[in-house]
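What follows is a single structure, written as structure tokens, with notes after it.
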Amino acid sequence: MKLQPLEFEKPIVELEEKLADLKRHSRANDINFDSEVQRMEGKIEETKRQIYENLTPWERVQIARHPARPYTLDYLQLSFSDFVELHGDRLFADDRAMPGGMAMLGGVKCVAIGHQKGRELKENIKRNFGCANPEGYRKALRLMRLAEKFGMPFVSLIDTPGAYPGIGSEERHISEAIAVNLREMMVLRVPTVAVVIGEGGSGGALGIGVADRVLMLENAYYSVISPEGCAAILWKHRKHAPEAAKALKLTASDLLSLGVIDEVVSEPQGGAHQNHSAAIENLKQAVARNLRELAKVPVEQLLTERYEKFRRIGEFGGG
Amino acid sequence: MGIFSKPSFTSEKKRDVPEGLWQKCPSCSEVIHNLELIQNLLVCPKCQHHFNLAAGERILQLADPNSFTEHDADLISVDTLKFTGMASYIDRLKSYQKKTGLKDAVITGECKIHEHPVAIAVMDFSFIAATMGSVVGEKIARIIEHATRQRIPVIILSASGGARMYEGVLSLMQMAKTCGALALHSKARLPYISILTHPTTGGVSASFATVGDIIIAEPKAMVGFAGPRVIRETTHQDLPAGFQTSEFLEEHGLVDMIVARKQLRDTLGQLLSYIAPAR
């Protein structure tokens, strides 16, 4: 898949085009431009470093939404192995926006679920653009119970713009589906790890996000509202999304310092979409290590620490 | 003046309603004397429209006389994220504190209802649309934990525009915090009655408001996760009549009952007589 460059990546693309020109010229005219080429390559590396090490929150949001980024099923099939998909909430439907099942990770049998987006229109319609209905959250709850019954850790991968705002979604009580998960995940008697792999969109993200360890990919974002939505309300126009993205403190490093997440998982330079196999390996290592650590903790202690962790979040004055 | 021009004195809209003495019902336009409205618990005598009620008023209506003790009255919001949009968060907090006389959007405490001791939390929509930030989450979590220790029921009257954006993801996490506290309360086999009042939406509807052992809604309250405009724009569908009202929720099996304000106290008394722990 040819990667569409993002707006802020244009300087890199321009330099790469120049480099390609130079090489073509060198070949066509049989002139040695080696030192030029080397200089240009150095310049490209330096530009990349400059850009990728100084990403603004809004630029990270764009990377988090990049259609070539690895999605839940990529991780389930490649970071994990032997993935067996289990369908349906046993009540209404199978939510294709939230596939899940059993899989192996670093020799550990796990139950795993996550939001799934599509890369093109047809797949996006099938996956509802990664926006789950109540069925998705109820399937997640069913799989949590399965994990608990058979003593397997529960892993969730978060990548959604938000829970689906639809008529049926309200009729089947999306609010309750999310709320029940929040309550039940807090007392689930197996180790739990949640990873924000792309978009952590509000309640729809948190609905599978209460866990012993909450990890977040370096360029993922996690927010109470989309930057565009926040801009529309507080700045009266969506065009202020970059300011809103900054104000919301939605990046992995911000959330680590606020104590909302436990660990940042690094991404290959330029984002997970630039190097799928590296991203997949990073996630595998990070989740496996956390599962190994959690496996040593007695379940009662696990539950106490999980509760205390979320109980502490929030800042206020007086009393 | 032409014969067909509208005489201005018949235009109801222009009629001067003296501030503080009369109220116009936003639902049926009936002009009601304040005294009558207050006597009717802020419910329109003509169409039964339930006006928004201040948290303190609600407690007075529900609690046994002189039984209420407030908890954590001093908690105040802080601007952790240094949020500056069109107006800064601090400015907004100050203006609402002045306007409402409240410190934040929820009052919590302990009281008795028909002699049953209960932990109670009441949200007040007049304070930044009763959005949930750290203070709302913390006060609700604390009162639930108190109820678990004291082995008493929890009653929460919700009304909320959702999460408080100014506190970013910290406000989102209050959903997990409050539901977590309810999980432990529930594990201790203690009852939680949730009362949905107009409007209960977003992060509050998707957390503590919808996990009651018993869920009561006030008549015609708007209750939903996403706003109707967002749903219309996302789905390009017309919304069904009465969508996201208490009546709609009852019809779809999402709440136990709709109870008019006048009957709420007695209904709670009756429910508590079944499920409150024996003392």
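Numbers restart at 1 for each chain; the letters A, B, ... are given by sequence-line order, proteins then strands. Only heavy atoms go into these numbers, but all of them, side chains included; no hydrogens, no water, no symmetry mates.
Pairing each heavy atom of A:Gly318 with each of B:Leu75, the nearest pair is O-CD2, 2.8 Å. When all heavy atoms of B:Val78 and A:Gly317 are compared, the pair lying nearest together is CG1-N, 3.7 Å.
The side-chain heavy atoms of B:Phe83 and A:Cys230, taken from C-beta on, include a pair separated by under 4.5 Å. Proximity of A:Leu248 to B:Leu81: side-chain heavy atoms (C-beta onward) are nowhere separated by under 4.5 Å. No side-chain heavy atom of B:Leu170 sits under 4.5 Å from any side-chain heavy atom of A:Val224.
When the candidates B:Leu254, B:Val204, B:Val211, B:Val135 are compared by the number of heavy-atom contacts under 4.5 Å with chain A, B:Leu254 comes out ahead. Put simply, of A:Ile167, A:Val187, A:Ile313, A:Val260, the one with the most heavy-atom pairs under 4.5 Å next to chain B is A:Ile167. For chain A, the option among B:Leu184, B:Val223, B:Leu182 with the highest count of heavy-atom pairs below 4.5 Å is B:Leu184. Among A:Gly314, A:Ala231, A:Ala163, A:Pro165, the residue making the largest number of heavy-atom pairs under 4.5 Å with chain B is A:Pro165.
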Which donor-acceptor pairs lie under 3.5 Å between chain B and chain A?
residue	atom	partner	partner atom	Å
B:Ile76	N	A:Gly317	O	2.8
B:Ile76	O	A:Gly317	N	2.7
B:Leu81	O	A:Lys249	NZ	3.2
B:Met86	N	A:Leu234	O	3.3
B:Ser134	OG	A:Glu315	N	3.0
B:Ser134	OG	A:Glu315	O	3.4
B:Glu138	OE1	A:Arg311	NH1	2.9
B:Glu138	OE2	A:Arg311	NH1	3.3
B:Glu138	OE2	A:Arg311	NH2	3.2
B:Arg142	NH2	A:Gly319	O	3.2
B:Glu145	OE1	A:Arg311	NE	3.3
B:Glu145	OE1	A:Arg311	NH2	3.2
B:Glu145	OE2	A:Tyr307	OH	2.6
B:Glu145	OE2	A:Arg311	NE	2.7
B:Gln174	NE2	A:Ile313	O	3.2
B:Lys177	NZ	A:Ile313	O	2.9
B:Ser205	OG	A:Ser175	OG	2.6
B:Phe225	N	A:Glu170	OE1	3.0
B:Phe225	N	A:Glu170	OE2	3.2
B:Ala226	N	A:Glu170	OE2	2.8
B:Gln244	NE2	A:Glu170	OE1	3.0
B:Gln244	NE2	A:Glu170	OE2	3.4

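In this structure, chain B has no heavy atom under 4.5 Å from any part of A:Leu303. Of the atoms belonging to B:Ala181, heavy atoms from both backbone and side chain fall under 4.5 Å from chain A.
Residues satisfying the ring pair (Phe, Tyr, Trp, His ring centres under 6.0 Å) test with B:Phe243, not counting sequence neighbours, are B:Phe248.
Separating the CE atom in B:Met165 from the CD1 atom in A:Ile225 is a distance of 5.0 Å, to the nearest 0.5 Å.
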